[in-house]
Amino acid sequence: MARESALQLVAIAKRFGAVDALKGVDFELERGEVHGLLGENGAGKSTLMQIAFGLVKPDAGSVAVGGRAVRIGSPLEARALGLGMVHQHFTSIPTLTVRENLELAGWAEGPARNAGGVRETLARGLDPAALVEELTVGQQQRLEVLKALATDARVLLLDEPTAVLAPSEVAELLGLLREFAGNGGSAVLITHKLEEAFAAVDRVTVLRRGMVTYSGAIAGQTPASLARAMLGDEPKPDSGRSPPAVPGEIRVRADGVDVRAGEIVGIAAVEGNGQRRFLRAVAGLEPADDVSVSGPAAFVPEDRTVEGLIPGFSLTENLVLGASEDPRWSRGPWLDWRAAGARTEQLIEEFEIRAAGPRAPARSLSGGNQQKVIFARALEGDPAVLVAENPSRGLDLKATGFVHGKLRDLAARGVAVLVYSSDLDEVLALADRVVVWYRGRPIPVAAGASRDEVGRLMLGGQ
Amino acid sequence: MRVAPRGAVLGWLLPIGAAALGLAVLAVGLAGLGYDAPSALAALWRGAFGSWYAITSATLVRAVPLVIVGLGIAVAFRGGALNIGAEGQFYAGAIGATWVALLLGSWPPLVGVPVVLLAGAIAGALWAAPAVLLKLRFGVLEVISTLLLSFVAEALVSWIVQGPLQEPSGIYPQSAPIPAALRLPTLPGTRLHAGFGLALLLAVVAWAIFVRTRWGFWLRAVGEAPRAAAVSGRIPVDRVIGAALLWSGGLAGLAGAIEVSGVTYALYQNLSPGYGFTAIAVALLARLNPLGVIASGLVFGALEAGASGMQRDAQVPSVAVYVVQAVIIVVVLVAVSRARSARTLAAT
Amino acid sequence: MDPLSGFLAASVRIATPLLWAATGELVAERAGVINLSIEGAMLAGCLGAALGAAHGGPWVGVAAGAAAGLLVAVGFAAVAVIGRSDQIIAGTALTLASIGVTGVIYRQAFGSAGAGLDLPTLGAVEVPGLHRVPILGPALFAQPALTYLGLAAVPLIWWLLFRTRFGLRLRATGEGAAAAHATGVRVIRTQVIAVLLSGLFAGVAGATLVLAQVGTFAERMTAGRGFIAIAIVVLGRWRSLGVLLGALLFGGTTALQFAFQAMGLAVPYQFFLMLPYLVALVALAGVVGRVRAPAGLARTIEVG
């Protein structure tokens, strides 16, 4: 039987400023399938789906829904054509109720033709009168999917919906997608996790730097072949590192968690369990009675352009921001910008930061180079403790490799490293020891615990 | 609040263009209403630059409070604190200065004048203090609190010149003249007083503080990105914002004191023709750069001086120049936000 | 009229323009826009009302006042919402422009000797029967029609904001413009509509001030009432009923001066001029912190 086309994108091109985000991409979603859209950060996956959903206007190319050529100018039009989208970031409004958010998404009561069972499953356990900000992250993600299905969509586009979920929640969501496809719906699952693709999708399209490098059935592919399609010949960052043979002195002492010099302690947690407060307490940014830290602590915040750097300030100014009392450029109330600029120039070279120079504004740098600036600055104070919060979020593989390498390097040099990532795999790959954070409390994890065991603990299981 | 774009993207063309457009709008509007626009503009020019006396005694004299209050606005806005009640702080400073001057009597000028000016600055800072408390303690927007406080100040000055500080005969709503020894020296043959030099000096000092000191850097960081300042800079954000508002009030108060001891020699109910509000435009046009505040203060001083000339010679109400000021603010504002959104686009 | 009744009547009369302006501002702020230009819109409304009433009677004045307020809001929306500029500075600029323009037009229209301008005003409409209720009757049921309309606008705006789909979209825009945009709300258009409505209401507020309270026009006659209205929105915790109570509180504190003068208290009148502003400051300190402003208030929208 000839497969019906649910969504077709032909020769889509899009340019942002000097960057070609998409260079003539073809994509086809068939009825009744879950289609994986794979690629590195910055490969163009999100942009492609945003074009399909009317959020971004393509420079060239055409879109067809259900075999009919259409022009989608806004999310409203996309919804009218039977599309629904789950965005990478939550789009519910925290200060409104669940019901109000559903109404905003165009919720139609009554039996849903395409997604009846799935909608009912999702709605279970969501109190319509609750404010969204009171929901757990897992519940918020259910609401996001429910919103996408509000207008009884036939085509569901999901942009990295699993990034914030614990393993069992991921399994549940993927199960729902299969059910949706089984009822005749179609779904696009954007991900950069190969295991998810193998678990849930029928076919995949792989993007690399705005071009399709593979499209077809997932059967017959291997993780290695798909990884090559995603990354080209770029080497995978090494992950081998043995924990210190002799335990170092305790640098961070808190109820339930100690971090010793020379080790990397990873925190695994679902968002909103109080782990960020703890990280900030260790970094000395929030008062805490039960946390004691010996030696200076440096902090790498998750949000680079809101908390890490001042985008409009030059690199020199951003360096000074983190060390405005450093005697090399600070005398009494005065600042010596020449000395600070010279040091910035050295750091640009040392860390191989791609920037026009010390006077370049931080916003002109790529995410990876911004993160290098933040690391360079953090190390200026010769910290005894380094605290990092989602240090590779939004970075491409090469920059992630730099970040991981730097963290391991610091531990090897005797720094006590505390790292939290909402990506459990990153925690497991980096950490010598893992601690789960649940409802504001640390829960110890037995050495050698499996991924699934950690995942259970993250949801409060034993 | 990020009105200070980095780099001289817009250079000098923007302020000049904005001022020209403002005058053009004024001319068209006046013509549309049946005024004789060319003669109104000519009167405006004569009032500002028509003679040596007009330049020194009208334009420069009016530029002094605008520059000093404008510096105060720049300090606050740079720190992200929107002090739009400088008018009240100006009056508080004038009250404080008048009161102290009348108390001091005939102290020697070298001691007395600084004490009077300091009294004005302290009074201005005190007038801003409730806004600091309300913002940091209760989270009340300083935009609202400083404005409300400035209405209180206007009522207060009205009471003071008819009550405690009214001149001895009790007829006129004004204070007794302050002693001659406590008046600022003037340039012979003109009304230009020493406050002008002080304004220039303060602008240079403010520039040096913004650019060369840690506190100035902290202020800019807090105003540009408070969360990055707190997290990455470990800057005491609240303290910096509070200090910025107090300094801002202090400068406005100082301007009030200078107005009394340099121009009017007494406290009046309508001492300020809205300097506190005009100074917002002054600071914005200078894009919060203290050296630029000198230039834009002169432009607005000329506008204010010209407005009086226009009212006198062409019977156009002097409030008409507010239209010019508004156009200037809007043009600069829109140009700055255009530049910003262009940058944001380029960054994604 | 007995003193208490007189005090209540004065409170309601003074509160009415504030109620109109604050109710309009409530809509703008719920949509995420802090509209400082309502001070200017109110002033424009005053002049519009004066011109309209002088030429066509009080109701033409009301319409002209509303139109003048709307015009200022159009300028504000163009700069702050569509031009995506800082709302607070744009509001200040539009208010400055309004002071200038109203000053010039007023002199041109009424001459510089316009101080004695005497305008036809809106008379009190007595609600049959009720206005005879002792004390409350004259205060609440013998007011100009604009007072009744202003009171009627309170539940109407509440219904609009909290019971209609448009209101939901408007609030969503104010709470999270990016999220609202992603769900398909036309955020810029929504904010523009909200701003225009706030200007319209501020215009009516100005008309009320001229035609139902003062009976004449004077330069800068609003004297910060628009800013007071903004404080009232905060005081009223961004709710319709709260705004009504806040406006009455201001009306009451302002009306106190007449009551005290009637009692012959020798307190300088300037202290009564200060009183509403001081009460506002104290009340703000008591209210803010325990309530939450719309999350996107005064933030420039980057999407849409």
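Values below: every heavy atom of this structure, side chains too, minus hydrogens, waters and symmetry copies.
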Worksheet item: More than 12 non-hydrogen atoms from neighbouring residues, nucleotides or ligands closer than 6.0 Å to CZ on A:Arg328, yes or no?
Response: yes
In terms of heavy-atom contacts, B:Ala228 and A:Ile310 come closest through CB-CG1, 3.8 Å
A:Leu335 and B:Phe217 have their tightest heavy-atom pair at CD1-CB, 3.7 Å
In terms of heavy-atom contacts, B:Arg220 and A:Trp337 come closest through NH2-CZ2, 4.1 Å
How about B:Arg239: does its CZ atom have over 12 heavy atoms from other parts shown lying under 6.0 Å from it? no
When the 4.5 angstrom heavy-atom criterion is applied to A:Ile374 and chain B, the contacting part is neither
Turns out that what part of A:Arg280 lies under 4.5 Å from chain B's heavy atoms comes down to side chain
If one checks every heavy atom of B:Ile209 against chain A at 4.5 Å, the contacting part turns out to be neither
request  = For atom CH2 of B:Trp247, decide whether the heavy atoms of other residues, nucleotides or ligands shown that lie under 6.0 angstrom number more than 12.
outcome  = no
Next on the checklist: Please determine whether the number of non-hydrogen atoms from other residues, nucleotides or ligands lying under 6.0 Å from atom CZ of B:Arg234 exceeds 12.
Outcome noted: yes
Heaviest contributor of heavy-atom pairs below 4.5 Å to chain B, chosen from A:Ala283, A:Ser364, A:Pro301, is A:Ala283
Do other residues, nucleotides or ligands put more than 12 heavy atoms under 6.0 Å from B:Leu110 CG?
no
In short, B:Ser232 meets A:Arg377 closest at the heavy-atom pair OG-NH2, 3.0 Å
Residues A:Leu285 and B:Val231: closest non-hydrogen pair is CD2-O, 3.6 Å
Honestly, the part of A:Val320 sitting under 4.5 Å from a heavy atom of chain B is both
Query raised in the report: Do the side chain of B:Arg214 and the main chain of A:Arg331 share a donor and acceptor less than 3.5 angstrom apart?
Result: no
Scanning both residues in full, the closest heavy-atom pair of A:Ser324 with B:Trp218 reads OG-NE1, 3.1 Å
